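For reference, the structure discussed in these notes is given below.
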Amino acid sequence: YNCHLMEKIESENLLHRAFSVFLFNSKYELLLQQRSATKVTFPLVWTNTCCSHPLYRESELIEENALGARNAAQRKLLDELGIPAEDVPVDQFLPVGRMLYKAPSDGKWGEHELDYLLFIVRDVKVNPNPDEVADIKYVNKDQLKELLRKADAGEEGLKLSPWFRLVVDNFLMKWW
């Protein structure tokens, strides 16, 4: 809670760990989600497949090869998108790096995170949790470029999360 208050982020430079999952199917289409309207930060914003935070528990504190973040990602893919753990084995996540960013959401809430970037290629069945996810869609590279264009032009009220945009602009298109 405190780590998402912009007042605390600015006054105490509070920082927390996070992860961002980019799940591609076997056709290399990226699964995107629109965050639910009830999210504290960035409600109804489109973003990568799944984003959250490792918990303060032994299995999610393991630093070696980002194992803690990968364990947390497996947990949250089930919670947010109904993807069972056996469909996203921890050893199939590719930790491609980390990024540090700060982004205000509104006047009160925001993010200041060390974000582990985890890529995975798997065909999965998705059953979104409506408390977490408003909508989902798979996009190919060209469809994502069109989504970026619409967001930049302010069309259809389309908004993208700042962390997703940073990854897309600085890394994803080169990797893809």
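Note that the coordinates shown come from a computational prediction; the quantities given were computed from them, not determined experimentally.
- A salt bridge links R75 with E60: the distance from a Lys NZ or Arg NE/NH1/NH2 to an Asp or Glu carboxylate oxygen falls below 4.0 Å.
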Quiz item: When you look at L32 and Q143, which way does the side chain to side chain contact (heavy atoms under 4.5 Å, CB included) test go after all the steps?
Solution: CA-CA 11 Å; L32 301 181; Q143 290 166 326; over 6 Å; no
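- Residues A37 and P43 approach most closely at O-CB, 3.5 Å, considering heavy atoms.
- E58 meets the salt bridge (charged side-chain N to carboxylate O under 4.0 Å, His left out) test with no other residue; sequence neighbours excluded.
- For the atom pair CG of L55 and CZ of R17, the computed distance is 8.5 Å after rounding to the nearest 0.5 Å.
- A single hydrophobic cluster is seen to contain both V126 and V21, as judged by linkage of ILVMFWY side chains at heavy-atom distances under 4.5 Å, directly or through other members.
- Linking Ile, Leu, Val, Met, Phe, Trp and Tyr whenever their side-chain heavy atoms come within less than 4.5 Å leaves V96 and L31 in two separate clusters.
- Nearest approach of F164 to L30, heavy atoms of both residues: CE1-CD2, 4.2 Å.
- Closest heavy-atom contact between L144 and W176: CD2-CZ3, 3.5 Å.
- What you find for N48 and Q33 is that their closest heavy atoms are O-CG, 3.4 Å.
- Both L118 and I120 sit in one connected hydrophobic cluster of ILVMFWY residues. Membership requires side-chain heavy atoms under 4.5 Å apart, directly or through other members.
- Between F42 and W163, the ring center distance clears the sub-6.0 Å criterion.
- Among all heavy-atom pairs drawn from P130 and S36, the shortest one is O-CB, 3.8 Å.
- Counting only residues at least two apart or in different chains, salt bridge (Lys or Arg N to Asp or Glu O under 4.0 Å) contacts with residues 34-50 comprise K39-E80, K39-E132.
- When all heavy atoms are compared, the tightest approach of E29 to Y138 is O-CD2, 3.6 Å.
- The distance from the CD1 atom of I136 to the SG atom of C50 is 12.0 Å, given to the nearest 0.5 Å.
- No donor-acceptor distance shorter than 3.5 angstrom exists from the side chain of T47 to the backbone of S161, with no hydrogens or angles considered.
- Counting only heavy atoms from C-beta outward, the side chains of L166 and D115 never approach each other to under 4.5 Å.
- The CD atom of Q34 lies 5.0 Å from the CH2 atom of W46; values are rounded to the nearest 0.5 Å.
- A single hydrophobic cluster is not seen to contain both F19 and M99; linkage of ILVMFWY side chains at heavy-atom distances under 4.5 Å, directly or through other members, places them apart.
- For D79, the side-chain hydrogen bond (donor to acceptor under 3.5 Å, both in side chains) partners at least two apart in sequence or on another chain are K76.
- Residues satisfying the side-chain contact (heavy atoms from CB on, under 4.5 Å) test with L67, not counting sequence neighbours, are I62, R70, N71, V90.
- Contact annotation: the side chain of K141 never approaches that of Y28 to less than 4.5 Å [non-hydrogen atoms, C-beta and beyond].
- At least one side-chain heavy atom of P95 sits under 4.5 Å from a side-chain heavy atom of N65.
- Not counting sequence neighbours, K145 has no partner by the salt bridge (charged side-chain N to carboxylate O under 4.0 Å, His left out) test.
- Within a 6.0 Å sphere centred on CD of E86, heavy atoms belonging to other residues, nucleotides or ligands number more than 12.
- When the salt bridge (charged side-chain N to carboxylate O under 4.0 Å, His left out) test is applied to D152, the partners found at least two apart in sequence or on another chain are R165.
- Judged by distance alone, with hydrogens and angles left aside, the side-chain atoms of D87 form no donor-acceptor pair with the main-chain N or O of V124 at under 3.5 Å.
- Residues L44 and L147 fall into different hydrophobic clusters, defined by Ile, Leu, Val, Met, Phe, Trp and Tyr side chains chained together at heavy-atom separations under 4.5 Å.
- Applying side chain to side chain contact (heavy atoms under 4.5 Å, CB included) to F24 and the options T49, V121, D123 leaves one that passes, V121.
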Practice problem: Any chance you could lay out the ring pair (Phe, Tyr, Trp, His ring centres under 6.0 Å) test for F119 and W175, step after step, and finish with the verdict? | Solution: CA-CA 10 Å; F119 285 26; W175 179 87; 4.6 Å; yes
